[in-house]
Amino acid sequence: MSRKIVVGFDGSEASRRALDFAVSRAKVLGDAIVVAHVLEWSPYSFLTPNEIEERHRRRNEELQRAEQAIIAPVLKAVEDAGVPVTSVMKYGHIAETLCKIAEDEDAALIFIGRMGNSGLSSRIFGSVAGTLAQVAPVPVTIVP
Amino acid sequence: MTNHAKRLGAAAFLGSLVSAAPAFSQSLDEMVNTVFEGGTGWFVSLIFSNFPGTNFPWIVGWLVLAATIFTIYFGFVQFRAFAHSIALVKGDYSDPNDAGEVSHFQALATALSGTVGLGNIAGVAVAVGIGGPGATFWMILAGLMGMASKFTECTLGVKYRNEYADGTVSGGPMYYMTKGFAERGVGGGKFLAVMFAIFCILGSFGGGNMFQSNQAHAQIANVFGDFPGWITGLVFAVVVFAVIVGGLKSIAKVTEKVVPFMGVLYVVTALIIILMHFNQIGDAFGQIFRGAFTWDGAVGGAIGALIQGFRRAAFSNEAGVGSAAIAHSAVRTKEPITEGFVSLLEPFIDTVVICTMTALVIIITGQLVTDPETGMFVLNEAGTAIQTVSGNSGVALTSAAFSETFGWFRYILAIAVILFAFSTMLSWSYYGLKAWTFLFGEGQTKELVFKVIFCVFTWIGAAASLGPVIDFSDAAIFAMAVVNIIALYVLMPVVKAEMNSYMTRLRSGEIKKFV
């Protein structure tokens, strides 16, 4: 039975490298890939009355844009490489949501790129890769 | 004319303007005041007329009766469902697949930033200043009962909202009056909706706007020295104009983010002051209970305390007014009743927590002058309010009470007041606009007309004096409650059916926690 690899993908260079690496592994081992795109979102942020009114429409627009601009192009490329692929888009805290997706998809691995920030900002804000390494339910591969 | 000459001419013009300004300002403020009072007096006396043969305003009775009826009809839902409401706000029952939609927390926070405002800071000072500490008791009671009114209107707001093809939603009393009445086969829904929309527009000019700029000016003048109100009014009007007409979203966003922190800072500071006077806490509550039922020298005695307490509570938390139904209606939920549960926390936070803090600080720091011999409160010369140590009323009284312990707090309070005032104005400009478009239809020009009028009232509000402004503000907001509560009576069986069905499913485990 083929395993599933969840790849955290946001269209950035780092996430492309992670996806490429995951595709090359999947090809050899016969694994399937889940391209996961997480839109940063906190249910505890503050919105103006106008934002609230338009939120449902905005959300649909954001999902559509992400689907067209980020997900669709790479899905095609991965498929062409002969690897079975699906995609997931979700809102939430990035690391937590990736873990949730891995659980829901019953995935065996998570692949993720890293931003390569080693300085003050990542000390204060933490990094997705660092958090994932700490909390993920499955092995995590961090691609530089 | 050469450039140099132009500059000289401009300088001379500015010079003459500055020298003429004081006299001009005085007369302008006075003029605004007279015209405003003359134009709104009849409306105010209609809303605040007393029950025949008493000095009890019928409108206060109307609100209290409604809150009592809802409390009993829904079996004290505000206490039974309190814990569940908090679980809903925490997101325990939110489907993770709906992430990215408006959460219960966000709907509550936005509605709160519209209601937590000067009512909590200035309004409470007015209530305690006139009705004495006893007003606090009635205010808390009104807050607790108002939770049931809020629960009813917000459930209906979500249930009967309009959802458009592009995904935007419009809700509020106008919609449950028209759609809900039609569904139940009751006539007059359209008429009520139109009446509500008219009063909502007036309310958005009054309590949601003029009162805010008026008291923001009072606080600024109190901290930085007196200057004409129309200047503050103009600045406010320009900034509000920039946001609601010019679409300067950044200002609105910053305000929405700073206001909650200001609210927390306000409560924490109040708590610290109260704890620093911990040996007087018992006495303060003693004054509150005694004043609520017995004659303590305040204006109107116990009845005066009751009237002031109920009046300020209703003005502050807007329960039964219908405004919150507009704010809450955009939440994403499959069960309208859940938004009702969430909204009942609003009067609790607004009135039972924040307003009580203000009142306690004013009482505990001894701002109200008592006669040392009798222990009774001493009235001012006109007999309209209790004499205060600093001779202040409204927001200046709150400021004096807080500054007695922390001198610097008046500056924080000034900033908080400006931000609260501003966020409340933005919320009410939205409520007013919803009512306006309900009456006149949507369209850029129509909406612009409303927004310009709104800004004019922002300006007038700061120039007029507190008395007429607060009367008109209260009158307009209570007028909304008159029509809204009629609709709530007609539609309350709908809410009860929703509540019973939800509660049954919650108990049977059909409605599950996601966390």
Side-chain angles (χ1 to χ4, degrees), chain A residues 6 8-11 34 36-71 86-107 125 128 131 135-137, chain B residues 89-91 94 96-114 161-172 243-244 247 249-261 323 326-332 423 426-434 514:
Chain A
V6 168
F9 189 78
D10 61 1
V34 179
H37 180 61
V38 181
L39 296 101
E40 181 94 65
W41 171 259
S42 164
Y44 304 111
S45 58
F46 295 98
L47 304 176
T48 63
N50 267 320
E51 285 177 304
I52 289 211
E53 180 184 319
E54 291 170 356
R55 186 62 217 154
H56 185 58
R57 192 185 71 199
R58 285 276 152 78
R59 182 178 186 265
N60 289 346
E61 284 170 5
E62 284 166 9
L63 287 174
Q64 219 173 6
R65 207 179 313 135
E67 170 82 42
Q68 282 167 2
I70 299 175
I71 303 292
T86 51
S87 70
V88 184
M89 278 188 295
K90 275 199 189 316
Y91 279 87
H93 179 269
I94 295 180
E96 280 170 16
T97 311
L98 282 175
C99 293
K100 184 88 182 37
I101 293 172
E103 274 168 11
D104 291 349
E105 296 278 336
D106 200 17
F125 301 114
V128 173
T131 313
V135 301
Chain B
V89 174
K90 278 169 61 195
S94 308
N97 289 323
D98 283 343
E101 301 281 9
V102 176
S103 66
H104 283 307
F105 177 88
Q106 285 162 332
L108 178 67
T110 305
L112 264 178
S113 79
R161 64 187 169 188
N162 270 6
E163 289 187 64
Y164 302 107
D166 69 352
T168 50
V169 283
S170 268
V243 173
I244 63 176
K249 291 218 169 112
S250 49
I251 300 181
K253 272 186 183 292
V254 170
T255 312
E256 292 299 317
K257 278 163 185 87
V258 178
V259 159
F261 294 107
S323 52
I326 304 177
H328 280 276
S329 61
V331 73
R332 190 84 344 213
S423 77
L426 292 186
S427 296
W428 274 92
S429 74
Y430 177 80
Y431 303 154
L433 184 64
K434 286 278 131 188
F514 283 93

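Lettering of chains follows the sequences in order, A, B, ..., and the numbering in each one begins at 1. Keep in mind that this is a model prediction, so the values were computed, not measured.
- The most heavy-atom pairs under 4.5 Å with chain B, out of A/Arg57, A/Arg59, A/Arg55, A/Glu51, come from A/Arg59.
- Considering all non-hydrogen atoms of both residues, A/Ile70 and A/Gly11 come closest at CG2-N, 3.9 Å.
- If you tally non-hydrogen atom pairs under 4.5 Å between each of B/Leu433, B/Val102, B/Val259 and chain A, the highest count goes to B/Val102.
- The candidate from B/Pro260, B/Ala109, B/Ser170 with the greatest count of non-hydrogen atom pairs under 4.5 Å with chain A is B/Pro260.
- Closest non-hydrogen pair, B/Gly114 versus B/Ser427, comes out as CA-OG, 3.3 Å.
- Contact detail for B/Ile326 and B/Tyr430: the closest heavy-atom pair is CG2-CE2, 4.1 Å.
- Counting all heavy atoms, side chain and backbone alike, A/Val6 lies closest to A/Ala36 at CG1-CB, 3.9 Å.
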Apply side-chain hydrogen bond (donor to acceptor under 3.5 Å, both in side chains) to residues A/Tyr91 and A/Glu40 and explain how you reach the verdict.
CA-CA 6 Å; A/Tyr91 279 87; A/Glu40 181 94 65; over 6 Å; no
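- For A/Leu39, no part sits under 4.5 Å from any heavy atom of chain B, backbone or side chain.
- Looking at B/Asp98, only its backbone comes within 4.5 Å of chain A, counting heavy atoms on both sides.
- Note on B/Asp166, B/Asn97, B/Val169: by heavy-atom pairs under 4.5 Å with chain A, the leading option is B/Asp166.
- Proximity to chain B (any heavy atom under 4.5 Å) is restricted, for A/Ser42, to the backbone atoms N, CA, C and O.
- The two residues B/His328 and B/Leu108 have their closest heavy-atom pair at CE1-CA, 4.0 Å.
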